[in-house]
Amino acid sequence: MPELPEVETIVRELRPVLPGKTFQKIDIYWQRSVKGDAEQFVEELTNSTVGDVFRRGKYTCFALTDGRHLTIHLGMSGRLIYSPDEKENKYLRARFTFCEDRLLHFSDMRKFGRMQLWQANQSLLPDLGPEPFETERVLHLLSETKSTRAIKTLLLDQRFLAGVGNIYADEALFAAGIHPRTPANKVPKNRLRRLSLELPQILKKAIANKGTTLSDYRTPESSSGSNQFYLKVYGRENQPCPTCSTLIKQIRINARSSHFCPRCQPPPANFLLIPYKS
DNA sequence: CCTTAGTCCTGCATGC
DNA sequence: TGCATGCAGGACTAAG
């Protein structure tokens, strides 16, 4: 599942090769991979030229030279594959052909990914919260929030904070010593400070490792990331905590699996926890 | 404002 | 073996 570090890795591979390239032909194999009308999307994007490639939250963004933008959200299983040749791929949802026959393939097994074209006068991704690297701003938002939702839920809310998904939310809460079910407005200030500082560190380390490959994620040159070998709690239920050897627990928060160490991430007080509802 | 449940999807694991 | 069921999850929507 591509989160911020995986998307950043993808962007870093595409940025040196795509700017200056023109979309010569676009083939859509699954209409719903396009937000809005797929035919119109193809019509409006054909013959456009890529100016820059960048990341915002979990979105890969292509700035077109005429001021418009193409965004791609990879969902759960989306991949961008940049290659000179065609490969058999039963999950191919879209194919972008550039001049000199270079190809960008959008592959997406579970079909949760979405591509969207933005007009020049539209503000891009207006509902996204700040990037986690804006430490001061994130700390301020966390400190000021009156939200009673579980802190984990807030971290996953892209309007509050952009780019964090299930894996890195669990890792960041472990690093900050916060129980994931703590109400956001009840987390002690010193823990919030730790969270705002640890989160960007965790993301940077994951980027250095070219992302976390659990099953589907690959870079555009189809290599795997290696950050899965460095995860401390995510997916490690019933295994010893790397810090204190207490067994990692798995619980559900808003229908999402959450992993934490009961000793390193103690609840501030039992009655403060967001209760579990089946 | 907040929440939960349902939807979209497929592959994989499990159980009979 | 084969079929049914359940699970995973990000973003979005509807309903309370």
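Computed from a predicted model, the values in this text were never measured in an experiment. Below, chain A is the first sequence line, B the second, and so on; all start at residue 1.
Classified by interplanar angle (parallel below 30°, tilted 30° to 60°, perpendicular above 60°), the ring pair A:F260/A:H179 is tilted.
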Filtered N/O pairs between nucleotides 7-9 of chain B and protein, under 3.5 Å:
from	atom 1	to	atom 2	distance (Å)
B:dC8	O3'	A:R32	NH2	3.1
B:dC9	OP1	A:R32	NE	3.0
B:dC9	OP1	A:R32	NH2	2.8
B:dC9	OP2	A:R32	NH2	2.7

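Remark: C1' of B:dT4 and CZ of A:R252 are 14 Å apart, rounded to the nearest angstrom. Nucleotide C:dG10 holds its P atom 18 Å from the CG atom of A:D127, rounded to whole Å. To the nearest angstrom, P of C:dG9 lies 15 Å from OH of A:Y168. Whole-Å rounding puts the A:L161 CG to C:dG10 P distance at 14 Å. In this entry the distance linking CG of A:D108 with P of B:dG11 reads 11 Å, nearest Å. Here the P atom of nucleotide C:dA11 and the CG atom of A:N166 are 11 Å apart, to the nearest Å. To the nearest angstrom, C1' of C:dC12 lies 15 Å from CG of A:L156.
Residue contacts shown for A:K90 are limited to sugar-phosphate atoms, with no base heavy atom under 4.0 Å away. Among the heavy atoms of the strands lying under 4.0 Å from A:N254 are primed sugar atoms or P, OP1, OP2 only; no base atom is included.
Listed candidates were B:dT3, C:dG9, C:dA11. Nearest to the side chain of A:R149 is B:dT3.
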Compile the donor-acceptor pairs under 3.5 Å between side chains in residues 157-174 of chain A and protein atoms, sequence neighbours left out, one pair per line.
from	atom 1	to	atom 2	distance (Å)
A:D157	OD1	A:R159	N	2.9
A:D157	OD1	A:R159	NE	3.2
A:D157	OD2	A:R149	NH1	3.0
A:D157	OD2	A:R149	NH2	3.4
A:D157	OD2	A:R159	NH2	3.2
A:Q158	OE1	A:G163	N	2.9
A:Q158	NE2	A:L156	O	3.1
A:Q158	NE2	A:V164	O	3.0
A:N166	OD1	A:K152	NZ	2.7
A:N166	ND2	A:S257	O	3.0
A:Y168	OH	A:E6	OE2	2.7
A:Y168	OH	A:T212	OG1	2.7
A:D170	OD1	A:K152	NZ	2.7
A:D170	OD2	A:H259	N	2.8
A:D170	OD2	A:H259	ND1	2.8
A:E171	OE1	A:K232	N	2.8
A:E171	OE2	A:K232	N	3.2
A:E171	OE2	A:V233	N	2.9
A:E171	OE2	A:Y234	N	2.9

